[in-house]
Asks: 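One structure follows; several queries about it will come next.
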Amino acid sequence: DFRDSIFQSNPFANFDRLRLPPQPSANATETSPSGILHVFEHNTDMNGWHYGKMKKPKCNLYEKYGNALKETNIINGGSIIGSPWAFKRIETFMTDTWKGCNDQVILNVLVRANILESDPTEAITRMVADTTETATSTSVSNIEHISNPGHIVVKVHRQGYGPLNVIGYGGTVMKDKDGRFMNRNCIIAPVVHQYDILGSCSLTADIIKNITTREENF
């Protein structure tokens, strides 16, 4: 989402931290991951708006996946970084398998239900079979044309950490003395999303120095 995002520095400055980390050698029964996806949370719980979207007949995901979203923070659907294969898998669900569902709902279900981290052919075939007698969806045939369709490694960043800071709808807002938005680990946030929807207290620069973090700098 570009309308409500601002770039304060290069989000790819530490590109090695965004890449798929080295993986141990897979044995004969395992498939190596084919990509990585970085997603970014709001500082607010999953809510009735999303559940309502899931219950609509054209979506109908609530009964099966509603519990996977309970007691989780909302993952923002407009702030993601990923490998081409990760985007391809998400696109398949949005335009085919779960076509008609809200895009942010789909992303939250894919992450919280660990669907992206499972074998893609098996996962999509299983979900198509839940709604049809035979798994003949074009989503399955699309998978077959991609070499080595392994699972996706998913990294969930809490609000205020990583290269994208989603501050709208409950985010903790921190600014330095020059008015630049900061991450919770006291660095300038490379990208700030929903800066125009705050609705939370803004910490002063005097308080920021006391913030500690459990996540690496970006």
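Model, not experiment: these values are computed from the prediction. Counting begins at 1 with the first residue of the sequence. Only heavy atoms go into these numbers, but all of them, side chains included; no hydrogens, no water, no symmetry mates.
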Asks: Side chains of Phe181 and Val173: does their closest heavy-atom pair fall under 4.5 Å?
Replies: yes
Asks: For Leu69, is there any backbone N or O sitting under 3.5 Å from a side-chain donor or acceptor partner on Thr72?
Replies: yes
Asks: For the CG atom of Asn185 and the CE atom of Met182, what is their distance to the nearest 0.5 Å?
Replies: 8.0 Å
Asks: Listed by chain and number, what are the side-chain hydrogen bond (donor to acceptor under 3.5 Å, both in side chains) partners of Ser9, not counting sequence neighbours?
Replies: none
Asks: Can you run down the salt bridge (charged side-chain N to carboxylate O under 4.0 Å, His left out) pairs that involve residues 36-53, sequence neighbours left out, and say none if there aren't any?
Replies: Glu41-Arg112
Asks: Just by distance, with hydrogens left out, do Ser5 and His193 show a side-chain donor and acceptor under 3.5 Å apart?
Replies: yes
Asks: Under 3.5 Å, is there a donor-acceptor pair between the side chain of Asn14 and the main chain of Arg17?
Replies: no
Asks: Write down the atom of Gly160, the atom of Asn183, and the distance for their closest heavy-atom approach.
Replies: O-CB, 3.1 Å
Asks: Under 3.5 Å, is there a donor-acceptor pair between the side chain of Arg184 and the main chain of Gln159?
Replies: yes
Asks: How about Met54 and Lys56: do any of their side-chain heavy atoms sit closer than 4.5 Å?
Replies: no
Asks: Between Asp176 (side chain only) and Arg180 (backbone N and O only), is there a donor and an acceptor less than 3.5 Å apart?
Replies: yes
Asks: What salt bridge (charged side-chain N to carboxylate O under 4.0 Å, His left out) pairs are there with at least one residue in residues 71-80, not counting sequence neighbours?
Replies: none
Asks: Is any side-chain heavy atom of His151 less than 4.5 Å from a side-chain heavy atom of Pro33?
Replies: yes
Asks: Give a yes or no on whether Leu107 and Trp49 share a hydrophobic cluster (residues Ile, Leu, Val, Met, Phe, Trp, Tyr; joining criterion: side-chain heavy atoms under 4.5 Å apart).
Replies: no
Asks: From the options Leu110, Ile152, Ile81, select the one residue that forms a side chain to side chain contact (heavy atoms under 4.5 Å, CB included) with Leu37.
Replies: Ile152
Asks: Indicate yes or no for a side-chain donor-acceptor contact from His42 to the backbone of Asn76 under 3.5 Å, with no hydrogens or angles considered.
Replies: no
Asks: If you compare all heavy atoms of Pro163 against all heavy atoms of Pro190, which two are closest, and at what distance to 0.1 Å?
Replies: O-CB, 3.4 Å
Asks: How would you list, by chain and number, every residue that makes a side-chain contact (heavy atoms from CB on, under 4.5 Å) with Phe87, sequence neighbours excluded?
Replies: Ile80
Asks: Tell me, please, which residues at least two apart from Asn10 pass side-chain contact (heavy atoms from CB on, under 4.5 Å).
Replies: Phe12, Ala13
Asks: Identify, with sequence neighbours excluded, every residue that meets side-chain contact (heavy atoms from CB on, under 4.5 Å) alongside Asp16.
Replies: Arg19
Asks: Going by the salt bridge (charged side-chain N to carboxylate O under 4.0 Å, His left out) test, which pairs reach into residues 97-107, not counting sequence neighbours?
Replies: none
Asks: Work out which heavy atom in Ala113 is nearest to a heavy atom in Tyr65; give both atom names and the distance.
Replies: CB-CD2, 3.8 Å
Asks: Suppose we screen for side-chain hydrogen bond (donor to acceptor under 3.5 Å, both in side chains). Which residues come up paired with Lys70, at least two apart in sequence or across chains?
Replies: Tyr62
Asks: Is it true that a side-chain atom of His38 and a backbone atom of Val156 form a donor plus acceptor pair closer than 3.5 Å?
Replies: no
Asks: So, the side chain of Gln8 versus the backbone of Val191: is there a donor-acceptor pair under 3.5 Å, distance only?
Replies: no
Asks: Report the distance from atom CD1 of Ile74 to atom OG1 of Thr44, rounding to the nearest 0.5 Å.
Replies: 5.0 Å
Asks: State, to 0.1 Å, how close Gly35 and Trp85 come at their nearest heavy-atom pair, and which atoms those are.
Replies: N-CD1, 4.3 Å
Asks: Could you pull out all residues at least two apart from Cys101 that satisfy side-chain contact (heavy atoms from CB on, under 4.5 Å)?
Replies: Cys59, Leu61, Trp98, Ile106
Asks: Which heavy atom of Ile115 sits nearest a heavy atom of Arg89, and at what distance?
Replies: O-NH2, 3.5 Å
Asks: Is there a donor-acceptor pair closer than 3.5 Å between any side-chain N or O of Asn73 and the backbone N or O of Asn43?
Replies: no
Asks: With a cutoff of under 4.5 Å between side-chain heavy atoms, which Ile, Leu, Val, Met, Phe, Trp and Tyr residues group with Ile36?
Replies: Leu20, Val153
Asks: What pairs with His50 under side-chain hydrogen bond (donor to acceptor under 3.5 Å, both in side chains), at least two apart in sequence or on another chain?
Replies: Asn47, Gln104
Asks: Kindly compute the distance separating CG (Asn102) from CE (Met94), expressed to the nearest 0.5 Å.
Replies: 8.0 Å
